[in-house]
Amino acid sequence: MAHAYEALLAEVLIDEARLQRRISELAEQINRDYADCDDLLLLCILKGGVMFLTDLSRKIHIPHMIDFMAASSYGVGARQSSGSVRIDMDLRMDVQGKHVLVVEDIIDSGLTLSFVIKTLENREPASLKLCALLNKQSRREVEIELDYVGFDIENKYVFGYGLDYDEKFRNLPFVGVARGDIPPDA
């Protein structure tokens with residue numbers, strides 16, 4: 001039986017086993033770095049970061065809180081950042097005095113995350129660190145210091161494991177590369 005995503009998929013970039021191994025490694029590092037912390041907040045950037053947050057959170061053994069923020073610089077069907085960032089949903093928790101770890105699916109141009117960082121810094125957290133599953137350094141327009149990186153990837157349009165293709169296929173257990181000949185509204 002063919003899957004709906006197969007016509008869009010050029011290759012599996014990171015398979016499920018490799019993803020889970022790397023997430024375990026990141027969680028081990030976070031467990032060490034925050035071992036004495038009793039007010040860690042994992043702040044997930046929606047929607048793409050949800051699957052990563054869920055798996056990462058289950059592997060972090062120190063007590064922690066979770067909250068969500070939605071910010072974007074992409075429109076539906078867009079394969080590149082629009083350059084204009086907006087907060088679609090703000091977090092509910094007060095971050096002042098808390099150790100905040102932003103959990104993001106992918107860092108591309110850096111515009112969205114830079115905006116989120118400035119917003120959070122103004123709210124005076126005790127510390128602010130960044131954890132990204134995927135890092136596309138070649139596309140960076142704004143310098144971003146990442147504390148935890150799952151994978152450095154080339155400039156390819158990827159989907160699966162939280163990343164969408166026109167809001168679909170976030171549920172795939174792997175990260176795939178989209179075929180170059182598929183229009184973004186397919």
Legend entry - Asp108 backbone acceptor or donor facing Arg139 side chain under 3.5 Å: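 Absent.
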Would you say [atom1] of [X] has more than 12 non-hydrogen atoms from neighbouring residues, nucleotides or ligands within 6.0 angstrom?
X      : atom1 : answer
Lys47  : NZ    : no
Glu25  : CD    : yes
Glu145 : CD    : no

Could you measure the distance from the [atom1] atom of [X] to the [atom2] atom of [Y]? Nearest 0.5 Å is fine.
X      : Y      : atom1 : atom2 : answer
Ile23  : Arg18  : CD1   : CZ    : 12.0 Å
Glu6   : Arg179 : CD    : CZ    : 11.5 Å
Leu101 : Ile30  : CG    : CD1   : 5.0 Å
Leu13  : Phe151 : CG    : CZ    : 8.5 Å
Asp15  : Gln20  : CG    : CD    : 10.5 Å
Ile153 : Ile106 : CD1   : CD1   : 4.0 Å

Linking I/L/V/M/F/W/Y whenever their side-chain heavy atoms sit closer than 4.5 Å, directly or via other members, would [X] and [Y] fall into one cluster?
X      : Y      : result
Val100 : Leu113 : yes
Val103 : Leu41  : no
Ile117 : Phe115 : yes
Met51  : Leu163 : yes
Leu172 : Tyr165 : yes

Inset, instruction - Specify whether Tyr5 and His3 have parallel, tilted or perpendicular ring planes, treating 30° as the upper limit for parallel and 60° as the lower limit for perpendicular. - result: parallel
Inset, instruction - Describe, in one word, how the ring planes of Tyr34 and Tyr148 are oriented to each other, choosing from parallel (under 30°), tilted (30 to 60°) and perpendicular (over 60°). - result: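 Correct class here is tilted.
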Show every donor-acceptor pair shorter than 3.5 Å between a side-chain atom in residues 61-71 and any protein atom, with sequence neighbours excluded, or say none if there are none.
| residue | atom | partner | partner atom | Å |
| --- | --- | --- | --- | --- |
| His61 | NE2 | Lys59 | O | 3.4 |
| His64 | ND1 | Ile62 | O | 2.9 |
| His64 | NE2 | Ser57 | OG | 2.7 |
| Asp67 | OD2 | Arg92 | N | 2.9 |
| Asp67 | OD2 | Met93 | N | 2.7 |

Closest approach of [X] and [Y], non-hydrogen atoms and distance?
X      : Y      : value
Phe52  : Cys131 : CZ-SG, 3.7 Å
Asp90  : Ile87  : N-CG2, 4.0 Å
Cys44  : Leu53  : CB-CD2, 3.7 Å
Ile107 : Ala132 : CG1-CB, 3.5 Å
Cys37  : Asp39  : SG-OD1, 3.3 Å
Val175 : Gly160 : CG2-O, 4.3 Å

Legend entry - Which residues share a salt bridge (charged side-chain N to carboxylate O under 4.0 Å, His left out) with Asp55, sequence neighbours left out: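 For Asp55, the residues satisfying salt bridge (charged side-chain N to carboxylate O under 4.0 Å, His left out) (neighbours in sequence not counted) are Arg58.
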Legend entry - With sequence neighbours excluded, residues passing side chain to side chain contact (heavy atoms under 4.5 Å, CB included) with Asp94: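 Only Gln96 meet the side chain to side chain contact (heavy atoms under 4.5 Å, CB included) criterion with Asp94.
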Legend entry - CA sep, side-chain torsions, deciding dist, call: Gln137, Arg140, side chain to side chain donor-acceptor pair (under 3.5 Å): CA-CA 5 Å; Gln137 184 65 44; Arg140 199 75 83 242; 3.2 Å; yes
A side-chain contact here means heavy atoms from C-beta on lying under 4.5 Å apart; do [X] and [Y] qualify?
X      : Y      : value
Leu9   : Phe159 : yes
Glu104 : Leu130 : no
Val102 : Ile45  : yes
Leu120 : Leu91  : yes

Inset, instruction - Pick out which of Val149, Asp152, Asp105, Ile14 makes a side chain to side chain contact (heavy atoms under 4.5 Å, CB included) with Leu134. - result: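 So, applying the side chain to side chain contact (heavy atoms under 4.5 Å, CB included) to Leu134 and each of Val149, Asp152, Asp105, Ile14, only Ile14 qualifies.
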